[in-house]
Amino acid sequence: MSALGIVSQLLAIVAALLLAPLLTGWVNQWRARLQNKSAPPLLQPYRVLHKLFNKESVLAEHASPLFRMAPYIVFGCMVLACAIIPTLSTDLPLSSAADAIALVGLFALARVFISLAAMDVGTAFGTLGARREMLIGFLAEPALLMVLFCASLITKSTSLTTIVETLGHRELAIYPSLLVAGVAFTMVSLAENARVPVDNPETHLELTMIHEALILEYSGRHLALLEWAASLKLFAYSCVGLALFFPWGVAQADAPLALVLALPALVVKLAMGGILLAFIETLSAKMRIFRVPEFLATAFLLAVIGLLVNILLGV
Amino acid sequence: MNGFANPAAWVHLDWVLALVVCWLLIGVAGVFTLRRFRFVATILFPAGGLVALALLGVALSAALDVPEVAVLPIGLPQLPFHLRLDSLSAFFLMVIGGASAGVSAFAAGYFRKGEGTPPGLLCLEYHLFLASMALVVIADDAYFFMVVWETMALASFFLVIANHRLPEIRRAGYLYLLVAHIGALGILLCFGVLQANTGDYTFANMRAQHLNPFWGSVAFVLAVFGFGAKAGILPLHAWLPEAHPAAPSPVSALMSGVMLKIALYGLLRVGFDLLQTRLWWWGVLLMAIGLATALFGVVFSTVQVEMKRLLAYSSIENIGLMCAGFGLSLLFSSYGMKTLAALALTAALYHLLSHAFFKSLLFCSTGAVLHATGERSLGRLGGLIRYMPWVAWPTLIGVLACAGLPPLGGFVSEWLLLQSFLFTAGLPSSFLNMLIPVLAALIALVAALSGYTMVKYFGIIFLGQPREEKLSKAHDAGLRERAGMLWLTAGCVVLGLFPNQVIAFIDPVTRLLVSAGLAETVATQGWLLVPVSIERASYAPAIFLLGVMASFALAYLLVRWLYHGRLRRAAPWDCGFPWQSARMQDTAEGFGQPIRQIFEPLFRMQRELPTPFDPEPRYRVVVEDPLWHWLYLPVAAVVERLSRLIGLLQQGRIAVYLLYSFLTLIILLLVVKR
């Protein structure tokens, strides 16, 4: 574990914590622009977080300690997820502690806790949201794993840093398997981050919401942590996508100069990704909850096809 | 074995036998104190738990030692009992000792007066059950094996029908006994094939025989059938969801956590040790059955509304995953790919070990809930985390382990299993090369669905508002129950956080069965679990946990330091709806509804929907296992018809029976004459 490794690890965590709300703000801004609305300022998510942290937390009378713990656990999971994904550099000491499968496990852990917390107060919306979240989860999780396995089979590794190092160092070529897997990954990320075809982050129509129903009983600092965790999740998913499909510009070990250049590269890539996400969200309509399994099953099958293409063609 | 006279020279096998005798003595003591409930609960059961702990210690030390053999001059003349303690036996003794230590402590506080069988008698059956399981894994000849195997089946049968006054419990017990004996028939025939007409039924002789592929396959299929019936693999699983809810909770814990594993022990012993040939399609068969069982089990467990049935189906799922791992290992081994075979086998054995702990823990928690509330239906529970924190929090750990979430025990095995499924390239058959990584998708689906089930299980029982008035008077578990559950929880955590240390004990087993092990690769890496090479994959649960905990703590402190920690309690918000009641929460049926919709073809459902004009609207949905109607009931009908035909012979008149004897005699004479 080199000193530079520790520096790049800390830098990755700090960059994730700071850039994540910015990414959310960027997507919101573009979405408003594309829909001909006046856009909120870029820094709006920070203001919301600041406001929420300042407010006192109102807790349901019979909420258990699990309810109070859950936001911190979910936040902790997302921070660790951002720490093991090679965003700026592949020289991450923490990334050997958790590989791609553990990353999926980490997301699952966060999901289980947020669902349990939603069930804790015992309101109609909370349990409904928990059920829907777990429904999306159990369909999206295998699909995400299959996408990661596609990359693993190409690089003979499930370690995210090795995947990025191997993919980033090949000459520019189109891998048919990754192309299919990329589509699957986009679909999974839309579902997992509660984005439009599956869920609407801005909705407060009770019967259609999933993510909002889960966090309905939260307020103050707990809500702030959950909102922050949600934007960290979006950041993490975007970075996994970038790492798998656009791995260029990520610094290697012992390359301090590349580390400096990696940050602008990441910001540019994320900005492009955010615009793409805003486009997808604007162009598609939200689907009924029972169309979601079909949507995710398609993603799952696409990922499996990617895997098969990889095995059959060897690329 | 140096004789019992000199305790200083005792080897591990002597100690195991001594501990088994201790269990039997405790059981006998229970019979003599049939009515003295206090003595049984405070002395006998905890003593049984201590014996289990000692057994765990002996097994841990025996696992790394050379095999020991012994011959006990009891049994029939000319047929002494052969015993052998090798690393495979030691591993399963570990499972028995580790899980039953916790379950015994729990049982000490659980069994009450006035519930069917008196506690003293239960104590005998319980300890006989434990002792027979320990003897099964050290048996070294088919004769002794079958004797203790049947003892195990009968002891557990009597435990299942402890509350025998209820007809449905008697029915469940009967079904269990029936399937157990059909399975035993398969095992008996399997041993018959294995001895290859030599007439010598010791395992040593079976190992020396080289069966041709046909007879080897016959033996293997019989073993899968026989031991599979006991383990609950498809389609012989039907007894499991009936017997588990019927049995008292500690017994369900032992049956699910330990006894199912003993059945898998038999499968391993025959498939990997006694049979010298290995064919590739055996592995494929076992893997296919295993994956089908896993998917079937988990889908059915998500829609159950009775807590012990839910866990029973979840056990079926886990057994399926283990079988899939064994099958993959057999496949690799048949092609001589030792390292990968060891990886798959390690994954399956790791899962076996952690399942023993978390499933015992979860069954104990159902027992505590059942005692506190008298309810076993999920739809009438809720909110118990507030009244029973000593049950709820350990259960949460068990639930996370069962859902296969990091950093607990269930995840390590799932991770290893996915690794072994993923990197199969290099198999001679290109079709298998293609198929097996895709099967990893199925494993991932099963794992994700088990997360769904576990959220349902924990969320409906312990979270939300109590669905019945009386639940707010639920009492927490007693001291002995707590101790038992905490031991099992500690097991889940240790198995999750220290995989390398655990693999050191699995390594001798994989060396014995597939002549390769992971311990050497793993030992050099310190805290990292590295199954093959560091570039390929690594996982460090301790660092993982530390990372999440550090972020948790930092966030907690920073929020309080930069802002404030003010908190106010108020009525729930619920979008401003003021007439919130416990009946508006999702029910157990409701939580399973998406799964019912998605996997509809798998179920056999009966729905009763209300019309708008019903004065008392009623909604009812019954989900049934289609295999009952496709397999069990038709077979039962055929058997019934046959027995009716045979029944025609029975006329009840002595003259007719004399006629039968006469006819038999004449036929025999004809045959002998020729």
Side-chain angles (χ1 to χ4, degrees), chain A residues 53-54 56-62 64 66 72-73 75-77 79-80 83 94 96-99 101-102 105-106 108-109 112 115-116 119-125 127-128 130-131 134-135 137-138 141-142 145-146 149 152-153 156-159 162 206 216-217 221 225 293 304 307-308 311, chain B residues 382-383 385-386 400 403 405-406 411 415 418-419 422 433-434 437-438 440-441 444-445 448-449 451-452 455 458-459 463-465 528 534-540 543-544 547-549 551-552 555-556 559 563 566-575 580 582 584-586 590-591 594 597-598:
Chain A
F53 274 125
N54 264 324
E56 74 177 345
S57 270
V58 183
L59 216 59
E61 283 143 349
H62 49 272
S64 73
L66 180 74
Y72 295 98
I73 293 177
F75 184 73
C77 286
V79 171
L80 187 62
L94 269 182
S96 58
D99 65 345
I101 304 173
L106 199 54
L109 185 67
V112 163
S115 303
L116 288 178
M119 294 178 86
D120 184 54
V121 178
T123 59
F125 291 124
T127 41
L128 193 78
R131 185 217 290 184
M134 291 313 292
L135 167 70
F138 96 76
E141 213 176 288
L145 213 48
M146 284 302 107
F149 282 178
S152 301
L153 282 182
K156 304 262 177 285
S157 165
T158 58
S159 151
T162 316
E206 287 89 347
L216 203 58
E217 295 297 323
R221 57 177 178 277
L225 281 172
V304 171
L307 208 63
L308 281 177
I311 295 164
Chain B
I385 195 171
R386 289 182 266 291
L400 295 179
L405 293 174
F411 182 74
W415 189 81
L418 282 173
Q419 292 289 348
L422 193 54
N433 254 341
M434 191 177 78
V438 176
L445 181 67
L449 268 171
Y452 191 97
V455 166
F458 189 81
L463 302 177
Q465 298 175 38
L528 287 182
I534 184 110
E535 289 79 29
R536 188 182 254 190
S538 58
Y539 167 59
I543 301 175
F544 185 98
V548 176
M549 294 305 281
S551 321
F552 184 123
Y556 186 84
V559 165
Y563 293 95
R566 284 200 302 276
L567 195 74
R568 185 159 59 85
R569 294 270 181 177
W573 157 233
D574 199 29
C575 282
Q580 176 70 29
M584 291 175 192
Q585 298 171 94
D586 220 349
F591 211 89
Q597 188 155 348
I598 295 172

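Naming convention: chains lettered A, B, ... in sequence-line order (proteins, then strands); numbering from 1 in each chain. Treat the numbers as computed from the prediction; the structure is a model and nothing was measured.
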>> Quick one about B:Q419 and A:T158 (side-chain donor to acceptor, distance below 3.5 Å, no hydrogens or angles considered), yes or no?
In response: yes
Less than 4.5 Å to any heavy atom of chain B: does that hold for the side chain of [X], its backbone, both, or neither?
X: A:L153; value: side chain
X: A:T162; value: side chain
X: A:V79; value: side chain
X: A:L145; value: side chain

> Any idea which of B:Y556, B:F552, B:Y539 has the most non-hydrogen atom pairs under 4.5 angstrom with chain A?
Replying inline: B:F552
> Taking every heavy-atom pair that is under 4.5 Å apart, which of B:L528, B:I543, B:D574, B:L418 has the most such pairs with chain A?
Replying inline: B:D574
Proximity breakdown for [X] and chain A, heavy-atom pairs closer than 4.5 Å:
X: B:A403; result: neither
X: B:L405; result: side chain
X: B:L445; result: both
X: B:V548; result: both
X: B:Y452; result: both

Under 3.5 Å: donor-acceptor pair, side chain of [X], backbone of [Y]:
X: A:E56; Y: B:R566; result: no
X: A:E61; Y: B:P572; result: no
X: B:R386; Y: A:H62; result: yes
X: A:R131; Y: B:D586; result: no
X: B:R569; Y: A:L59; result: no

> Taking atom CE of A:M134 and atom CZ of B:F591, what is their separation to the nearest 0.5 Å?
Replying inline: 7.0 Å
